[in-house]
Engineer: 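Structure below; questions to follow.
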Amino acid sequence: MQDKKGNINVILTGFTSFFTDISSEMIYPLLQAFISTILSAHKILLGPILGIIEGIAESTASLLKVISGYYSDRIKKRKNLAIFGYTTSAFAKILFLFGAFGWFFILSGRLFDRVGKGIRTAPRDALISESTEKNKQGKAFGLQRGMDFAGATIGVIICFFLVLFFLDPVTKTLKGLNSFYLIFFISVIPAFIGVIFLFFIKENIVKIKNEKQKPKPNLQFWKYDKNLRIFFIAQFLFTLGNSSNQFLLLKSMNTGWSLSSVILMYFLFNLLSSLLSVPFGGLSDKIGRKKLLISGYVLYGLLYIAFGFINEAAGYLLWIFWPVYGVYYAMTEGVEKAFVSDIAPIESKATALGFYHTIVGIGLLPASIIAGVLYSIMPSLPFITGGGLALITVLILGIFVKEKKVA
């Protein structure tokens with residue numbers, strides 16, 4: 001009975017992720033073009049402002065994840081926090097409709113969208129982990145990420161056809177701000193649909209008669225398992241070079257491709273991520289998380305460096321690079337969470353997952369800001385730097401981190 005309820009919980013959270021990402025990915029590929037349109041008279045500011053927006057938004061979200069995870073562990077409830085987080089993100093998208101009044105509204109929209117993500121992610125991941133048998137954690141997280149990327153794929157396809165309809169053949173971007181606003185408005189609808197599925201989740205509510213005997217979640221980083229601490233540090237280093245995908249989209253457009261073509265490349269990225277997340281998650285249950293993560297980070301490092309050297313003459317290679325980039329995501333996104341869940345103490349599962357996201361978030365703010373500055377100096381620098389840091393991360397994981405065997 002428990003296994004059946006657990007499977008339903010994983011599927012329901014998957015559908016929430018599916019519809020939420022339809023909404024998010026109708027907006028995300030357009031942001032760099034939208035900001036570029038608003039800053040048409042100040043193009044030199046595009047890289048730094050894009051870095052500031054993405055850095056602040058992503059890092060703020062991640063910093064909230066450990067707080068939300070800790071609170072979720074304290075009250076032993078996950079569902080309500082997840083609902084509140086997803087609802088916050090849905091309302092945040094309305095702020096993009098005021099973008100013409102200044103890029104501050106774009107920052108605000110991204111910020112509150114990510115605040116919602118910060119509130120919901122750790123409780124949702126803990127709910128998935130607690131609803132799944134130990135030897136199926138990788139598959140469960142892979143399914144969740146697969147649904148996530150499936151929604152992203154649908155969202156990008158919808159975005160592609162809308163962009164194709166409103167595309168200006170001369171500028172190779174949308175005809176005007178109203179075209180952006182229409183797409184942003186439509187994107188709000190699936191965001192609210194996604195929230196509905198969470199109300200049908202049945203979570204395990206732990207009742208403890210004696211409050212003094214209640215296990216307390218651990219907020220002291222140094223008291224976690226040594227391997228988990230090293231993994232967190234390695235993730236921080238990796239994240240310093242893992243700037244926002246907005247820079248990949250911007251780089252792709254600067255090779256001469258139109259906005260619609262770049263969105264189609266982004267679709268291929270999401271499609272591969274969606275199709276391969278469950279198989280790779282299941283594979284990690286069989287061969288171990290570490291081998292798969294190292295392989296994924298090596299792929300990322302080499303690919304990111306290659307992105308840096310792409311020019312107009314070799315722009316056709318982007319049709320290969322973007323799908324391969326999706327393979328990297330499928331190999332690592334769900335597996336990282338499963339790795340943390342394997343090692344984390346049971347009373348601190350959401351807190352540990354929150355720590356993971358928070359440490360990543362601490363690196364995201366400087367990562368995107370540094371990438372923005374580097375991009376304005378030389379467009380290839382952010383990618384070469386990111387690829388190099390990824391390969392250093394591989395060495396740390398390979399030498400110093402041992403994974404816990406899952407029975």
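Numbers for residues simply follow the sequence, beginning at 1.
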Engineer: Mark yes or no: R145 above the aromatic ring of F141, with NZ or CZ under 6.0 Å from the six-membered ring centre and no more than 45 degrees from the axis.
Structural biologist: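 Ring-cation test returns no.
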
Engineer: Verify, without hydrogens or angle tests, whether S284 (side chain) and G281 (backbone) share a donor-acceptor contact under 3.5 angstrom.
Structural biologist: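 The answer is yes, because a donor-acceptor pair under 3.5 Å joins these two groups.
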
Engineer: Using modelled atom types and a 3.5 Å cut-off, is there a donor and acceptor pairing between side-chain atoms of S376 and backbone atoms of V373?
Structural biologist: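 Yes, S376 side chain to V373 backbone: donor-acceptor pair under 3.5 Å.
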
Engineer: Q144 vs S17, test: side chain to side chain donor-acceptor pair (under 3.5 Å). Steps then yes/no.
Structural biologist: CA-CA 7 Å; Q144 192 276 324; S17 294; 2.6 Å; yes

Engineer: I'd like a table of donor-acceptor pairs (distance under 3.5 Å, sequence neighbours excluded) in which one partner is a side-chain atom from residues 180-187, with atom names and distances.
Structural biologist:
unit_1, atom_1, unit_2, atom_2, d
Y181, OH, A100, N, 2.8
S187, OG, F184, O, 2.5

Engineer: Short question: side chain of S129, backbone of D125 - any donor-acceptor pair under 3.5 Å?
Structural biologist: no

Engineer: Work out which heavy atom in A352 is nearest to a heavy atom in A344; give both atom names and the distance.
Structural biologist: CB-CB, 3.5 Å

Engineer: In plain terms, say whether R289 and E403 are close enough for a salt bridge, that is, a side-chain N and a carboxylate O under 4.0 Å apart.
Structural biologist: no

Engineer: Hey, can you tell me if W322 and F269 have their rings parallel, tilted or perpendicular (30° and 60° cut-offs)?
Structural biologist: perpendicular

Engineer: Do Y28 and S244 pair up side chain to side chain, a donor and an acceptor below 3.5 Å, judged on atom types alone?
Structural biologist: yes

Engineer: Within the 3.5 Å criterion, strictly below it, is a donor on Y329 or N245 matched to an acceptor on the partner's side chain?
Structural biologist: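 A donor-acceptor contact under 3.5 Å links the two side chains.
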
Engineer: Quick one: side-chain contact (heavy atoms from CB on, under 4.5 Å) partners of V195, sequence neighbours excluded?
Structural biologist: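 Listed in chain order: I83, Y86, T87, F199.
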
Engineer: Could you check whether K136 pairs with D285 (Lys NZ or Arg NE/NH1/NH2 to Asp/Glu carboxylate O, under 4.0 Å)?
Structural biologist: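 Result for this pair is no, no salt bridge flagged.
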
Engineer: May I ask you to decide if I8's main-chain N or O and K202's side chain share a donor-acceptor pair within less than 3.5 Å?
Structural biologist: no

Engineer: Closer than 3.5 angstrom, by distance alone: can the side chain of Q32 be matched with the main-chain N or O of Q246 as a donor-acceptor pair?
Structural biologist: no

Engineer: Should we count NZ of K139 as having more than 12 external heavy atoms under 6.0 Å?
Structural biologist: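 Counting neighbours around NZ of K139, 12 or fewer heavy atoms of other residues, nucleotides or ligands fall under 6.0 Å, so no.
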
Engineer: Within a 6.0 Å radius of atom CZ on F91, are there more than 12 heavy atoms belonging to other residues, nucleotides or ligands?
Structural biologist: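 No, because the 6.0 Å sphere around CZ of F91 holds 12 heavy atoms or fewer from other groups.
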
Engineer: Parallel, tilted or perpendicular, judged at 30° and 60°: which one describes the rings of F383 and Y304?
Structural biologist: perpendicular

Engineer: Listed by chain and number, what are the salt bridge (Lys or Arg N to Asp or Glu O under 4.0 Å) partners of K117, not counting sequence neighbours?
Structural biologist: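 Expected list: none.
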
Engineer: Looking at I38, is its backbone amide N or carbonyl O close enough to the side chain of W103 to form a donor-acceptor pair, meaning the two atoms are under 3.5 Å apart?
Structural biologist: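 No.
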
Engineer: Look at atom CZ of F192 and say whether more than 12 heavy atoms of other residues, nucleotides or ligands are closer to it than 6.0 Å.
Structural biologist: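 More than 12 within 6.0 Å, yes.
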
Engineer: For the side chain of D21 and the backbone of S24, is there at least one donor-acceptor N/O pair under 3.5 Å apart?
Structural biologist: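 Judged by distance alone, no pair lies under 3.5 Å.
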
Engineer: Checking ring pair (Phe, Tyr, Trp, His ring centres under 6.0 Å) between F307 and each of Y375, F321, F247, which is the one that passes?
Structural biologist: F321

Engineer: Check this for me, if you would: do K337 and D342 make a salt bridge, where the nitrogen-to-carboxylate-oxygen distance has to be below 4.0 angstrom?
Structural biologist: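 No salt bridge links K337 with D342.
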
Engineer: For the pair T16 (side chain) and G194 (backbone), establish whether a donor and an acceptor sit closer than 3.5 Å, ignoring hydrogens and angles.
Structural biologist: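 A pair under 3.5 Å: yes.
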
Engineer: Regarding R120 and S89, do their side chains bring together a donor and an acceptor under 3.5 Å, going by distance alone?
Structural biologist: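 Checked: R120/S89 side chains pair up, N/O donor to acceptor below 3.5 Å.
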
